[in-house]
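Predicted model only: the values in this text are computed from it and were never measured. The first residue of the sequence shown is numbered 1, and numbering continues consecutively from there. Values below: every heavy atom of this structure, side chains too, minus hydrogens, waters and symmetry copies.
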Amino acid sequence: MAPTIRSPFRRTLALMASAAILAQAGMNGVAYAQTAPDTTAPGVVEPAPATPETAAPAPASPAPTPPVQAPSIQAPSIQAGVPNNGPASVADLAEGLLDAVVNISTSQNVKDDEGAGPAPRAPDGSPFQEFFNDFFNKQQGNKGPNHNVSSLGSGFVIDPAGYIVTNNHVIEGADDIEINFANGSKLKAKLIGTDTKTDLSVLKVEPKAPLKSVKFGDSSTMRIGDWVMAIGNPFGFGGSVTVGIISGRGRNINAGPYDNFIQTDAAINKGNSGGPLFNMKGEVIGINTAIISPSGGSIGIGFSVPSELASGVVDQLREYGETRRGWLGVRIQPVTDDIADSLGLDTAKGALVAGVIKGGPVDDGSIKAGDVILKFDGKTVSEMRDLPRVVAESTVGKEVDVVVLRDGKEQTVKVKLGRLEDSDQAAASDDAAPDGSQDDGVITPDPGENNDMDQPDSGDQAQPTPGKPDQHQGQVSPDAATPKNVLGLSLSLLSAETRKAFGIAESVDGVVVTEVTPGSASAEKGLKPGDVIVEVAQEFMKSPDAVAAKVKSLKQEGRRNAQLMIASANGDLRFVAVPME
């Protein structure tokens with residue numbers, strides 16, 4: 001601004017003085033290193049540019065000459081490397097979206113003896129101070145049989161008629177749900193449906209006039225580095241806008257069986273839960289759900305449920321009040337590098353079928369234990385956790401093509417999906433996974449029910465009836481009962497005595513491990529006495545001799561690992577690849 005308001009004479013004197021000072025300080029060219037015409041950022045004072053005119057008044061002094069020439073050479077090359085620091089403003093975008101984002105407050109009556117312990121203390125002046133005083137009854141002698149516990153969260157309107165999406169953990173257990181809108185109005189909400197596995201819920205209010213709403217976008221088109229904007233209710237302050245980029249995709253934070261989170265560095269804090277993550281078109285591409293933070297505040301690592309997963313769940317909750325997920329009825333485990341090598345796979349990929357649920361959709365033999373599922377309904381299964389998600393997202397009753405690796409060859413089989421919630425195994429899965437790592441849709445472990453196990457007998461799915469003679473024992477040669485040492489394992493025929501000694505269920509069949517050599521490859525893979533070898537390289541084992549012969553055959557074929565199907569004492573199956581060197 002200075003050159004435009006000074007007279008030419010005063011301007012000349014000022015520039016001469018500046019040039020002399022710079023020359024004496026030995027700072028030739030430094031002041032101009034990042035200066036270029038018409039590139040100064042708004043709000044930043046622009047230093048007077050050096051031009052031939054500024055050098056003219058001092059012809060007798062050669063010292064100022066270098067600063068005059070330096071900018072014309074250095075400035076263009078340095079400025080050319082300055083990156084674009086993102087959108088200049090998101091004000092227009094945010095202005096059109098703020099009214100569709102709501103604050104959600106809930107209350108719940110809790111007995112005083114529930115969760116007894118020292119009450120947290122909020123700092124003086126904190127937005128939560130009043131809540132802490134009310135919630136935890138800090139005043140002495142003010143205790144009754146019950147007290148109210150409140151929480152705050154965020155949500156967004158997806159339908160002008162009053163449908164609102166939020167996280168399940170925002171409203172879980174609430175006796176009263178109140179929606180606070182940007183214009184200051186408040187409405188009571190009722191719960192339409194909730195899904196704990198994706199932590200999503202749909203609420204409904206009855207507005208007097210249509211509400212401002214937003215639409216879901218397609219999160220699958222978003223790329224790492226794309227700009228996103230979060231709007232929510234951090235720490236109870238009300239509608240707040242933060243901007244960042246997508247830092248990662250497909251994140252698994254062990255929050256549920258269908259983890260596929262978007263990671264963002266847009267600031268997300270407590271109270272942002274349930275709020276939307278927008279793309280630069282104003283479409284919801286995520287629902288802000290979780291953060292990683294040692295302090296409870298944002299450190300730039302936040303996670304959002306992608307719209308490609310959330311939109312289908314929300315549609316089902318609106319229509320049915322519940323989710324209706326596809327169910328394949330198999331138990332699966334990861335394909336490790338060793339297992340991939342034992343199966344002849346070039347890389348570790350797919351989901352290894354460890355068992356088939358009796359009475360499930362694929363109990364007809366279309367998929368068998370030992371198969372590796374590589375594709376499901378045209379979608380590649382890169383790793384084990386991909387399968388539960390794509391199965392759950394599929395329509396109940398739909399016939400799909402499944403590509404499996406069986407006996408070293410790829411095959412395509414057709415299966416008709418069942419409904420997960422209709423199965424007793426699904427309920428058992430919830431009970432069997434108290435840590436929250438449910439296996440719904442695909443992995444349905446039920447340790448207490450051996451009848452659910454896929455039986456590795458002559459190829460069909462029939463099970464030996466407890467109390468009846470073992471159908472395989474009559475096939476054993478006279479010397480088959482002789483203990484064998486294979487792969488660091490002492491093996492013995494599975495008899496009434498060994499069943500009793502190791503507590504092995506009658507439904508389990510194969511060759512029992514009686515001892516494991518310490519430090520052996522088998523010991524490193526977690527094998528232990530009482531485990532039962534059911535199959536080696538997808539071939540049923542009737543005796544210790546059969547195990548030794550199969551391992552010898554695999555070595556002759558040049559295999560480096562032997563794939564073993566192992567049954568625990570209660571019948572749970574798993575696959576282990578044991579090195580044979």
Side-chain angles (χ1 to χ4, degrees), residues 90-91 93-106 126-128 131 150-158 163-172 174 177-187 189 198-203 205 211-217 219 222 227-247 253 255 261-293 295-307 310-311 314:
V90 293
L93 178 63
E95 185 178 14
L97 301 173
L98 279 166
D99 288 344
V101 181
V102 300
N103 301 335
I104 299 175
S105 62
T106 66
S126 166
F128 276 108
F131 290 104
S150 299
S151 66
L152 297 171
S154 304
F156 55 98
V157 181
I158 59 169
Y163 286 95
I164 296 170
V165 174
T166 187
N167 282 142
N168 171 68
H169 74 258
V170 170
I171 53 85
E172 188 172 20
I177 304 172
E178 187 173 65
I179 308 299
N180 305 310
F181 294 89
N183 61 6
S185 62
K186 299 180 180 181
L187 290 174
T198 56
D199 196 16
L200 296 176
S201 292
V202 174
L203 309 175
V205 295
L211 300 175
K212 177 64 182 295
S213 64
V214 290
K215 301 295 184 183
F216 280 112
S219 60
M222 301 298 292
W227 287 96
V228 289
M229 180 175 67
I231 302 181
N233 181 30
F235 298 109
F237 283 116
S240 298
V241 178
T242 55
V243 177
I245 63 169
I246 291 180
S247 306
I253 61 174
F261 287 98
I262 294 172
Q263 180 185 332
T264 179
D265 66 350
I268 296 174
N269 290 284
K270 293 180 179 179
N272 274 107
S273 289
L277 186 70
F278 293 103
N279 60 18
M280 291 296 105
K281 297 178 182 178
E283 300 168 333
V284 179
I285 52 91
I287 293 127
N288 301 321
T289 298
I291 61 173
I292 290 180
S293 172
S295 64
S298 173
I299 60 171
I301 305 178
F303 300 97
S304 302
V305 179
S307 62
S311 58
V314 168

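- Of the inter-residue distances, the one linking S273 atom OG with N167 atom CG reads 5.0 Å to the nearest 0.5 angstrom.
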In sequence, state the C-alpha distance, the side-chain angles, and the governing distance for D99 and N183, and then conclude on side chain to side chain contact (heavy atoms under 4.5 Å, CB included).
-> CA-CA 8 Å; D99 288 344; N183 61 6; 6.0 Å; no
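- Although no hydrogens or angles enter the test, the distance criterion places a donor-acceptor pair under 3.5 Å between the side chain of T242 and the main chain of A267.
- Listed for the N279 side chain is a donor-acceptor partner under 3.5 Å among the backbone atoms of G282.
- Closest of all the heavy-atom pairs between L93 and L97 is O-CG, 3.3 Å.
- Side-chain atoms of S298 come within 3.5 Å of backbone atoms of G300 as a donor-acceptor pair (strictly under, hydrogens ignored).
- D199 meets the side-chain hydrogen bond (donor to acceptor under 3.5 Å, both in side chains) test with H169; sequence neighbours excluded.
- Panel note: side chain T166, backbone S154; a donor-acceptor pair is recorded below 3.5 Å.
- Taking all atoms of both residues into account, the shortest heavy-atom contact from I291 to I268 is CG2-O, 3.3 Å.
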In sequence, state the C-alpha distance, the side-chain angles, and the governing distance for I164 and I158, and then conclude on side chain to side chain contact (heavy atoms under 4.5 Å, CB included).
-> CA-CA 6 Å; I164 296 170; I158 59 169; over 6 Å; no
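- T106 and A174 get closest at one heavy-atom pair: CB-CB, 3.7 Å.
- The only member of V90, V241, V101 that meets side-chain contact (heavy atoms from CB on, under 4.5 Å) when paired with F278 is V101.
- Atoms CZ and CG, from F237 and N272 in turn, are 12.0 Å apart once rounded to the nearest 0.5 Å.
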S105 and N180: CA distance, side-chain angles, deciding distance, side chain to side chain contact (heavy atoms under 4.5 Å, CB included) verdict = CA-CA 8 Å; S105 62; N180 305 310; 3.8 Å; yes
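- Note that CH2 of W227 and CD1 of I246 are 12.0 Å apart. Values are rounded to the nearest 0.5 Å.
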Evaluation steps, side chain to side chain contact (heavy atoms under 4.5 Å, CB included), between V284 and S307 | CA-CA 7 Å; V284 179; S307 62; 5.5 Å; no
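- For the pair D265 (side chain) and G244 (backbone), a donor-acceptor distance under 3.5 Å is absent.
- Contact detail for V157 and K212: the closest heavy-atom pair is CB-O, 3.4 Å.
- Shortest non-hydrogen contact noted between N233 and G153 is ND2-O, 3.4 Å.
- Between I231 and P276, the closest heavy-atom pair is O-CD, 3.2 Å.
- Contacts of E283 classified as salt bridge (Lys or Arg N to Asp or Glu O under 4.0 Å), with partners at least two apart in sequence or in another chain: none.
- Taking OG of S240 as the start and CZ of F235 as the end, the distance is 10.5 Å to the nearest 0.5 Å.
- Taking OG1 of T264 as the start and CG of N288 as the end, the distance is 7.5 Å to the nearest 0.5 Å.
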